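Positions are given from 1 along the sequence. Since we're looking at a predicted model, the values are computed, not measured. Both ligands and their constituent atoms are indexed starting at 1 by order of listing.
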Amino acid sequence: MFILVTGGAGFIGSHTCVELLNAGYELIVIDNFLNSKPESLHRVQELTGKSFKFYQVDMLEEVQMERVFLENRIDAVIHFAGLKAVGESVSNPLLYYKNNLMSTFILCQLMQKYNIKHLVFSSSATVYGLPESVPISEDFHLKALNPYGRTKLIIEQVLQDLYSSDPEWSISLLRYFNPIGAHESGLIGEDPQNIPNNLMPYITQVAAGKLHELEVFGSCYPTVDGTGVRDYIHVVDLAIGHLMALEKTFKSSGVHAYNLGTGQGYSVLELVSAFESVTGVRIPYRITNPRSGDAAICYADSTKAWKELGWKAKKGIEEMCADSWRWQYNNPDGYINKVKGPHITNEEEFLVQK
Ligand code: UFG
């Protein structure tokens with residue numbers, strides 16, 4: 001089976017490529033490296049010992065995108081590519097609407113033209129807005145709180161319409177909770193381009209001495225210790241969720257949304273404390289004002305994914321902390337500095353230069 005992976009060099013994309021390659025799929029990966037680095041794909045190759053086809057393509061470039069479809073057999077698509085910084089989407093909404101929506105429209109048009117109707121889409125728990133209760137199940141009311149979230153919600157609705165127009169489509173909408181952790185090898189992980197927006201990469205950079213202290217956004221939420229509660233999920237569990245969703249799209253048609261979370265919530269201070277005890281590194285922190293738009297508590301009911309996909313998160317909070325730290329420790333500057341160890345493979349093996 002040949003799978004087109006958009007945004008395959010990113011955090012979740014690269015981990016999913018590893019799982020797909022290990023499961024025997026053939027890959028065609030595309031990425032524009034706007035928020036990722038080619039080195040992550042070298043590492044995927046190094047980890048799996050497998051080669052795959054790669055195109056450096058901006059998904060808004062229709063002609064280049066069509067070339068990918070013309071030159072390859074494609075059985076299904078996993079669509080990760082997209083901008084994902086909430087704050088940036090508020091200050092530059094048009095960028096988010098143009099990039100995330102147009103790229104998906106172009107992709108779906110090409111899929112339709114080339115008769116490819118199996119799609120796994122990277123959605124997000126952000127589509128639930130500020131949930132009225134927890135755990136959150138897939139039938140909860142959907143509401144976007146910012147342009148980033150609105151792009152995810154609109155795309156979900158577009159894909160629903162696409163299926164209504166043609167029942168041969170088979171689409172999984174994967175609503176991620178809070179992905180953290182890294183591959184246990186320490187070779188691939190999350191590589192934020194600037195100061196991290198998200199909690200775990202911020203913690204690991206404080207631990208590494210790159211950032212001075214963690215700001216904890218608010219301590220008066222109605223939670224165990226007043227700090228925000230989230231459902232952190234190991235990125236490898238998430239990647240495996242994509243494989244299972246992909247298999248489901250080959251078995252039946254329809255549009256199906258799945259929550260990918262552990263079902264277990266941890267507060268900011270609980271995560272800090274778990275990180276400290278697993279790594280032995282102290283994380284200095286300071287309580288500041290709440291961040292606007294943040295929910296107090298957010299965690300998933302993932303029973304639908306278990307019942308319909310046979311998927312359940314397996315890795316606990318300790319493993320998430322240990323793997324996040326191993327990645328940060330081995331790669332203090334992300335993918336810029338190569339880790340010591342075996343060869344970095346020859347680009348020609350998988351790079352199809354445009
Ligand atoms: N937090 C801090 N300090 C920080 C960063 C975060 O205290 O420096 C807190 C937040 O207030 C929140 C928790 O840590 O309580 C988690 O925050 P993240 O930014 O890591 O994650 P969010 O839950 O805000 O958002 C994430 C993704 C979004 C996605 C959402 C879905 O970043 O893209 O989950 O629920 F939409």
Side-chain angles (χ1 to χ4, degrees), residues 7 10-12 35 80 82-90 96 100 121-131 134-136 138 140 142-153 155-156 173-181 190 192 194-207 210-233 235 238 257-263 265-275 283-302 317 320-321 324:
F11 175 42
I12 304 169
N35 285 318
F80 292 104
L83 300 175
K84 58 163 197 159
V86 172
E88 185 185 47
S89 80
V90 173
Y96 273 65
N100 290 4
F121 173 62
S122 270
S123 189
S124 164
T126 193
V127 297
Y128 297 113
L130 295 175
V134 281
I136 300 166
E138 289 83 354
F140 270 34
L142 303 181
K143 183 174 166 41
L145 297 178
N146 51 63
Y148 159 72
R150 201 158 291 111
T151 65
K152 293 293 181 193
L153 199 47
I155 293 169
E156 285 202 2
L173 311 171
L174 301 185
R175 296 177 180 158
Y176 310 152
F177 280 67
N178 289 60
I180 61 171
E190 188 169 9
N194 299 303
I195 294 182
N197 296 312
N198 298 116
L199 181 59
M200 183 53 103
Y202 208 103
I203 289 175
T204 60
Q205 292 200 14
V206 170
K210 295 183 77 179
L211 294 168
H212 175 59
E213 64 179 0
L214 172 69
E215 286 182 30
V216 175
F217 299 146
S219 62
C220 294
Y221 289 111
T223 62
V224 58
D225 54 23
T227 65
V229 167
R230 293 291 181 276
D231 185 336
Y232 298 97
I233 171 168
V235 64
L238 196 58
Y258 298 104
N259 286 342
L260 298 187
T262 63
Y266 288 93
S267 74
V268 174
L269 294 182
E270 284 174 332
L271 185 67
V272 167
S273 151
F275 185 90
I283 304 298
Y285 69 84
R286 178 167 61 92
I287 307 283
T288 63
N289 289 330
R291 186 169 62 179
S292 114
D294 269 0
I297 308 183
C298 182
Y299 58 88
D301 174 347
S302 288
I317 201 76
M320 298 184 213
C321 290
S324 291

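The number of heavy atoms from other shown groups lying within 6.0 Å of NZ (Lys143) does not exceed 12. Within 6.0 Å of OH in Tyr285 there are 12 or fewer heavy atoms belonging to other residues, nucleotides or ligands.
Of all atoms in ligand 1, listed by their number and element, those nearer than 4.0 Å to a heavy atom of Tyr148 are 33 (O), 36 (F). Shown in contact with Ala125 at under 4.0 Å from a heavy atom are these atoms of ligand 1, numbered in order with element: 31 (C), 35 (O). Using a 4.0 Å cut-off to heavy atoms of Val216, the atoms of ligand 1 that qualify are 7 (O). Taking every non-hydrogen atom of Glu215 and a distance limit under 4.0 Å, the qualifying atoms of ligand 1 come out as 2 (C), 3 (N), 4 (C), 7 (O), 8 (O). Atoms of ligand 1 found under 4.0 Å from any heavy atom of Asn197, numbered from 1 in the order shown, are 5 (C), 19 (O).
Polar contact with ligand 1: present for Asn178 (N/O pair, distance under 3.5 Å). At under 3.5 Å, a nitrogen or oxygen of Asn198, whether backbone or side chain, sits near a nitrogen or oxygen of ligand 1.
Among all protein heavy atoms, the one lying closest to atom 16 (C) of ligand 1 is Tyr232 OH, 3.5 Å. The shortest contact between atom 17 (O) of ligand 1 and any protein heavy atom is with Arg291 NH2, 3.4 Å. Annotation: atom 11 (O) of ligand 1 to nearest protein heavy atom, Asp294 OD2, 2.6 Å. Ranking the protein heavy atoms by distance from atom 23 (O) of ligand 1 puts Arg230 NE, 2.6 Å first. Protein heavy atom closest to atom 7 (O) of ligand 1, with residue, atom name and distance, is Phe217 N, 2.9 Å. Looking only at protein heavy atoms, the nearest one to atom 29 (C) of ligand 1 is Ser124 OG, 3.4 Å. Among all non-hydrogen protein atoms, the one lying nearest atom 20 (O) of ligand 1 is Leu199 N, 2.8 Å.
Partner of Asp225 under the side-chain hydrogen bond (donor to acceptor under 3.5 Å, both in side chains) criterion, chosen from Ser273, Ser219, Ser267: Ser267.
The shortest heavy-atom contact between Val268 and Thr227 is N-OG1, 3.2 Å.
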Kindly indicate, with the supporting measurements, whether the criterion side chain to side chain contact (heavy atoms under 4.5 Å, CB included) is fulfilled by Ile233 and Asn178. CA-CA 6 Å; Ile233 171 168; Asn178 289 60; 5.6 Å; no
Would Leu214 and Arg286 satisfy side chain to side chain contact (heavy atoms under 4.5 Å, CB included), going step by step from the backbone distance to the final call? CA-CA 6 Å; Leu214 172 69; Arg286 178 167 61 92; over 6 Å; no
Given the rule in the side chain to side chain donor-acceptor pair (under 3.5 Å) test, do Asn259 and Tyr128 qualify, once you have shown the distances and angles that lead to the verdict? CA-CA 11 Å; Asn259 286 342; Tyr128 297 113; 2.6 Å; yes
Check the pair Tyr232 / Thr262 against side chain to side chain donor-acceptor pair (under 3.5 Å), numbers first and verdict last. CA-CA 7 Å; Tyr232 298 97; Thr262 63; over 6 Å; no
Chi angles and distances behind the side chain to side chain contact (heavy atoms under 4.5 Å, CB included) call for Asn197, Tyr202: CA-CA 7 Å; Asn197 296 312; Tyr202 208 103; over 6 Å; no
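In this model, no donor atom of one side chain and acceptor atom of the other lie less than 3.5 Å apart for Arg150 and Tyr96. Remark: the Thr126 side chain and the Tyr148 side chain contain no N/O donor-acceptor pair separated by less than 3.5 Å.
Counting heavy atoms closer than 4.0 Å to ligand 1, residue Tyr266 contributes nothing at all. Under 4.0 Å from ligand 1, heavy atoms of Thr126 appear from its side chain as well as its backbone. Of the heavy atoms in Val268, only side-chain atoms (C-beta onward) come closer than 4.0 Å to ligand 1. Heavy atoms of Met200 found under 4.0 angstrom from ligand 1: none, in either backbone or side chain.
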